[in-house]
Amino acid sequence: MTWVLALILWPLIGACVVTGLRRNDRLATLTAVAFAIVELAMIVPTWATYEPNGARLQHTSSMDWIPTFGVHISFGIDGIALVMIAVIAFLVPIVIGALGTADKLPQDRSAGGFLALILVQEAITIAVFAATDVFLFYVLFEIMLIPMYFLIGGYGGANRQYAAVKFFLYSFLGGLIMLASAIGAYSLAADELGNGTFDWATLVTVVRDAPASTQIWLFLGFFLAFAIKAPLVPFHTWLPDAAGEAPIGVAVLLVGVLDKVGTFGFLRYCLPMFPEASKDLAPLVLVLAVIGVLYGSILAAGQQDMKRFVAYVSIAHFGFIALGIFAFTQQATVGAVTYMLNHSLATGMLIVVLGLVIARGGSTRISDYGGMFKLTPLLGGMLLIAGLSTLSLPGTNSFVSEFLVLLGAFETQPVYAILATVGMVLAAAYVLWLYQRLMTGPVRGTALVGAGGGPGTAIAPELGARKSIRDLGGRELAILVPMVVLIIGLGFYPQPVLNTVTPSVDATLSALNGGQ
């Protein structure tokens, strides 16, 4: 058994165990944490045994599934997939640890069911990144929607059913269109080789030689599915609703991990399989990317809801990632891949911190808060770090990615790079605006109680209840400190990640430009 198979199967085993403990929330939570930590520990040997300059796909395994149609259950990873699998394994313990602090489940829902779905989501998402059979990828791409649908629809906010259905229908429709293109690629392989196949490596060598018009139609099927998942404007409208209604931990996985399947798909499928179509349609994608950067930034600046604020920030960041991918330079593409990782860390931390703010105040509206730094200085400091990483301040992880994207894009697409730079300025504005509204100035929405109230006790008249406003505790620090360490550590020393992803990026660009 390869490490990749172990990484897929272990969370599924954990989900089965946790499901059996669903009547005991505490034991279910401890068990889920144990399985998630072991999963994270397994990343170490997986990363250690991966050779960046070795074979294109490593830790491979394959078995027949539907031999008649050339379908296999095949897995393998390159440096890009390895980085994304690692960030999933890192975030899931954070999500589980946030339960009971940043996350409050409905009283009629058990923690066991919630945690089992989280572990299932982890396993399926890892399998999506590791799949090397196109049909298997499609199946997992669709199955991945099911646990997320129940996580949003069963544990989310007041409009959770609407948000869950919208999320599911958008992604499911995109997947069906992708399936049509996958069948088209299968038919091309059958004409060329005498028998059809869904093997990714084989299709890359066959489909890339198809006529440009055929490539364009097949490219559009894959691209639309990935543009919805990413999401790019104008396919983005499901994300603010889903992120706004999802529980905090689910929002971390939705915005920090699941959306990356879209940008990963651009790199794994669109560029190497349809190189001519990718080049011909790159101007259209670049326009959508820059519109996303500016549109997401402007709407983030005008948001009153904290969770929707993060959703629009992410739309802007996905514009940067798409810009880096379709600029077709090594620097920009490496920047886009590391941006996928660093966005997961920065946005994941931002969502968790805002969840802790919401848990203390009982409202997602920014205007219901103010001056919280006086009450919660540690929480204010964590929000500042998450915000500075989100706006790509030098010394934080996101700066390296954004700098590489803009530097590499400027070589081939200077106009788009300059326009995207405006997004950096807007990011500073909306992040600092958020911090100022929540943490600085006079106390707003919470007024300190006078004599007899005790330190840290407050009244929230707009929220209609007395609240105990306390600073971060030990459990909350245990959740946030590892994220701070990675944000600062990768800001000053990103080389391990760059060394891992660069050979895979080179292989992708080589396939795009006619190499094998």
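As a basis for the values below, the full set of heavy atoms in this structure was taken, side chains included, without hydrogen atoms, waters or symmetry mates.
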Applying side chain to side chain contact (heavy atoms under 4.5 Å, CB included), name anything that partners [X], two or more places apart in sequence or on another chain.
X: Ala89; value: Glu39, Leu40, Ile43, Glu122
X: Leu179; value: Phe135, Tyr138, Ile183
X: Ile298; value: Leu426
X: Phe410; value: Pro414, Ala417, Ile418

Margin query: Determine whether a donor-acceptor pair (N or O, by modelled atom type, separation under 3.5 Å) exists between the side chain of Ser398 and the backbone of Ser392.
Written below: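 Checking the backbone N and O of Ser392 against the side chain of Ser398, no donor-acceptor pair under 3.5 Å is found.
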
Item checked: Test item: Ser278 side-chain N/O and Cys270 main-chain N/O as donor-acceptor pair under 3.5 Å ->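 Present.
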
Notebook entry, point to check: Taking all atoms of both residues into account, what is the closest heavy-atom pair of Gly387 and Val431, and its distance?
Noted result: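 Shortest heavy-atom contact: O-CG1, 3.3 Å.
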
Notebook entry, point to check: Think Lys229 forms a cation-pi with Phe141, using NZ or CZ under 6.0 Å from the six-ring centre and within 45 degrees of its axis?
Noted result: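 Because its charged atom sits under 6.0 Å from the ring centre and within 45° of the axis, Lys229 does stack over Phe141.
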
Notebook entry, point to check: Among all residues two or more places apart in sequence or in another chain, which pass the side-chain hydrogen bond (donor to acceptor under 3.5 Å, both in side chains) test with Ser181?
Noted result: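 For Ser181 there are no side-chain hydrogen bond (donor to acceptor under 3.5 Å, both in side chains) partners, ignoring immediate neighbours.
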
Check: Who pairs with His236 by side-chain hydrogen bond (donor to acceptor under 3.5 Å, both in side chains), at least two apart in sequence or on another chain?
Finding: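 side-chain hydrogen bond (donor to acceptor under 3.5 Å, both in side chains) list for His236, sorted by chain: Tyr295.
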
Next item on the list: Sorted by first residue and then second, give each salt bridge (Lys or Arg N to Asp or Glu O under 4.0 Å) pair with at least one member in residues 261-286; sequence neighbours left out.
Entry: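 The answer is Asp78-Arg268.
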
Next item on the list: Hey, could you give me each pair passing salt bridge (Lys or Arg N to Asp or Glu O under 4.0 Å) that has a residue in residues 306-330? Not counting sequence neighbours.
Entry: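 Listed once each, the pairs are Asp241-Arg308.
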
Check: Does the pair Leu281 and Phe274 meet the rule for a side chain to side chain contact (heavy atoms under 4.5 Å, CB included), with working shown?
Finding: CA-CA 11 Å; Leu281 297 178; Phe274 316 108; over 6 Å; no

Note to self: Suppose we screen for salt bridge (charged side-chain N to carboxylate O under 4.0 Å, His left out). Which residues come up paired with Asp199, at least two apart in sequence or across chains?
What the structure shows: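 By the salt bridge (charged side-chain N to carboxylate O under 4.0 Å, His left out) rule, Asp199 matches no residue at all.
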
Note to self: Checking Asp133 now: which residues fulfil salt bridge (charged side-chain N to carboxylate O under 4.0 Å, His left out) with it, not counting sequence neighbours?
What the structure shows: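 Partners of Asp133 by the salt bridge (charged side-chain N to carboxylate O under 4.0 Å, His left out) criterion come out as none, since no residue qualifies.
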
Next item on the list: Using ring-ring contact (aromatic ring centres under 6.0 Å, His included) as the criterion, list what pairs up with Tyr435, not counting sequence neighbours.
Entry: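 For Tyr435, no residue satisfies ring-ring contact (aromatic ring centres under 6.0 Å, His included) once neighbours in sequence are set aside.
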
Check: When you look at Asn342 and Ser401, which way does the side-chain hydrogen bond (donor to acceptor under 3.5 Å, both in side chains) test go after all the steps?
Finding: CA-CA 8 Å; Asn342 292 323; Ser401 303; 2.6 Å; yes

Enumerate, atom names and distances included, each donor-acceptor pair closer than 3.5 Å involving a side-chain atom of residues 478-490, sequence neighbours excluded.
none

